[in-house]
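Here the structure is laid out as structure tokens; the discussion comes afterwards.
Each chain gets a letter, A, B and so on, in the order the sequences are listed, and its residues count up from 1.
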Amino acid sequence: MSQHLIIAPILIPFVAGALMLLYDDRQRAAKFWLSLMSTALTLVVAVALLLRAKAGAAEGAENIGFYLLGDWAAPMAIVLVLDHLAAMMLLLTSVLALASLVYARASWHRQGQHYFSLFQFLLVGLNGAFLTGDLFNLFVFFEVLLAASYGLLLHGSGQVRVRAGLHYIAINLAASLLLLLGISLIYGVTGTLNMAHLASMMPDIDAANRPLLQMGLALMGVAFLVKAGIWPLSFWLPNAYMAAAAPVGAMFAIMTKVGIYVILRLTMLLFAAGSGASAGLGAGLLIGLGMATVVFGVLGVLASQSLGRIAAHAVILSSGTMLAVIGLALAGGGEWMLAGALHYMVASTLAAGALFLMVEPMSRDDGGIAAMLALTAEIYGAKANPPVEDEGPDGPAIAAGPALLAACFALCLLALAGLPPMPGFIGKLTMIQGVFDTAATSPWLSWSFVALLLVSGFATLIGLARIGIQTFWANDDRDSPVMAMEIAPIMALIAVLAVISIESEAVLRYTDRTAQALHQTSRYAQGVLAAPRADEQPTPPEDDR
Amino acid sequence: MEIVLSLAIGVLSASGIWLILRPRSFQVIVGLCLLSYAVNLFIFSMGRLTLSAPAIMPKGGFVDPTRYADPLPQALVLTAIVISFATTALFLVVMIASRGFTGTDHVDGREREQP
């Protein structure tokens, strides 16, 4: 039974989402509870999987879990792989999803149809993309999450959203075509789509075919870099993320991380030191473009006038930092730096998610489009529906709301800027330590990376502090209510950040193991190819050596 | 046969890219369709070009794999066709909604001011 747990993060939201399609939107309360149960269950499963990945490593045994779909042997069919990185991303997704879901209950889920189903399908796509070990299957899960995200971005409708949605869909369709081209080229050269199989074949590709294979991988890389929001390909991102409804924006904060995840996984697998002539391919490009992305993010954060735009640029900043670190790690930057970067990624994703959730309560009395929509919907929603199903406007407003909101905003600001009490600081510190420890990069490069890291933190501090002063201090007649349903998920996210900060040693130990596992390419590759079938091995696969 | 196929893919993708860069949303959607045809043909050709070779092998006995077409790209292309068809349909709906909201078929939702 326990070996089937690996596929549960895909199946639970899938079943819940499909089930909710059968009922129309008058059953919203029931749908919410069903989604909440499904998301909470996914969270429990993600915690269990994380503990399993961690326990496997502690015993010194094989720390990678496998799930052979249809019980076919590994390179023949699709395999799901659960390692440290996948387990971490699963947990991050479900924590953010739970917060976003509760927030959406406040008012957003009423703005259009099938919100909860789309939300669950987004989770299916995200979890699937994190778990799969097959390139074409990755494409399919990617399309699942993109299709759901198109629907979610358009949720609530309105001219701004439709226009941003048009651009977003066009960009992503083009990127998906590039991804397909890359995948088919890889298949044409190597005859395999299994990531582990591909990794073990990398050293032995003959010289005539290698440029073709590298071209295929580069095409795939471009598709994922578009998703990750690298600099010259990221102009769609702020408009789309700003136009999205607040809870959707919070989920989009993790969608750029899917691009980062795939880039990290594939570069570490395929271009690692032992992969023959392709070793370190694209490292310089990733470092350069990643740092350019950070510069773009810094300029964006400083130039933005609204909180939503700052949040979108904070997402770009975090992406750029991660991409530069992946490039440095590929150039031989060492495990410690990557461990710090993963720690930073967890913290910055949660903080960016919290920031997206705060956009609406903070700018409600500014008369923004989203705020107006939400308020009218609350009025009409309360009139149109008898209070049997939608019990009034979304729970109580709390008196201390604005004060709590301001406190949460301040803590979120500290986390994003990377200042001491919050976990962003520890991640950045570790990255800086790591980049100076290694001899692989030139001192000039190390110093400019560190300078950018510090400048980006400072710019975030300035940008967010300016918005905070305008909203909380310079605004006398602030009497708009803050709903308990809205502030609770924000506080929960901040609390998770605080826990990460307090337990930072444990978290850092985990991310360090993740980074080590990422550097041990052969272990992943051989593990996947040797994964036993169910009838050969009655014990769970991860106990097998 | 190779030259015909590669010419077809090349012409389709060139036209597709040109159309994607045009300002009208109808041109963009036709361009995306042409590009997806080009990509689908490309995926198909990655199984190597064979004439009148079946993709399904008979059961039992020795099978000479060189006399059969590679079935995997055919399965992949089927998936890719379905997915790109569905997303293009969705794009069409969004395009029509945008036309309804803005009253123009420009991709930015407003005409550029003429000097």
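- For the atom pair CG (A/Leu185) and CG (A/Leu219), the distance works out to 7.0 Å, reported to the nearest 0.5 Å.
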For chain A against chain B, give me the donor-acceptor pairs closer than 3.5 Å, one per line with atom names and distance.
| from | atom 1 | to | atom 2 | distance (Å) |
| --- | --- | --- | --- | --- |
| B/Arg48 | NH1 | A/Gly188 | O | 3.4 |
| B/Arg48 | NH2 | A/Gly188 | O | 2.8 |
| B/Asp70 | OD1 | A/Tyr187 | OH | 3.2 |
| B/Asp70 | OD2 | A/Tyr187 | OH | 2.5 |
| B/Val107 | O | A/His167 | NE2 | 2.9 |
| B/Asp108 | OD1 | A/His167 | NE2 | 3.3 |

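- Here A/Leu126 contributes atom CG and A/Met255 contributes atom CE; the two are 7.0 Å apart, rounded to the nearest 0.5 Å.
- Counting only residues at least two apart or on different chains, the ring-ring contact (aromatic ring centres under 6.0 Å, His included) pairs with a member in residues 124-146 of chain A are A/Phe130-A/Tyr261, A/Phe136-A/Phe139, A/Phe142-A/Phe224.
- Looking at every heavy atom in both residues, A/Ile186 comes nearest to A/Leu135 through CD1-CD1, 4.0 Å.
- Taking each heavy atom of A/Ile171 and A/Val226 in turn, the nearest pair found is CG2-CG1, 3.7 Å.
- The part of B/Ile83 that comes within reach of chain A is its side chain, from C-beta onward, which places non-hydrogen atoms under 4.5 angstrom from that chain.
- With a 4.5 angstrom heavy-atom cutoff, A/Leu154 touches chain B only via side-chain atoms.
- Listed by chain and residue number, nothing satisfies the side chain to side chain contact (heavy atoms under 4.5 Å, CB included) test with A/Ala147 (two or more places apart in sequence, or in another chain).
- Among A/Leu181, A/Leu146, A/Leu193, the residue with the largest count of heavy-atom pairs under 4.5 Å with chain B is A/Leu181.
- A/Met202 contributes atom CE, which lies 5.5 Å from atom CG of A/Leu270 (distance to the nearest 0.5 angstrom).
- For the options A/Gly151, A/Gly165, A/Ala170, heavy-atom pairs under 4.5 Å to chain B are most numerous at A/Ala170.
- A/Pro211 pairs by the side chain to side chain contact (heavy atoms under 4.5 Å, CB included) definition with nothing, not counting sequence neighbours.
- Ranked by heavy-atom pairs shorter than 4.5 Å toward chain A, the options B/Leu72, B/Ile29, B/Val77, B/Ile17 are led by B/Leu72.
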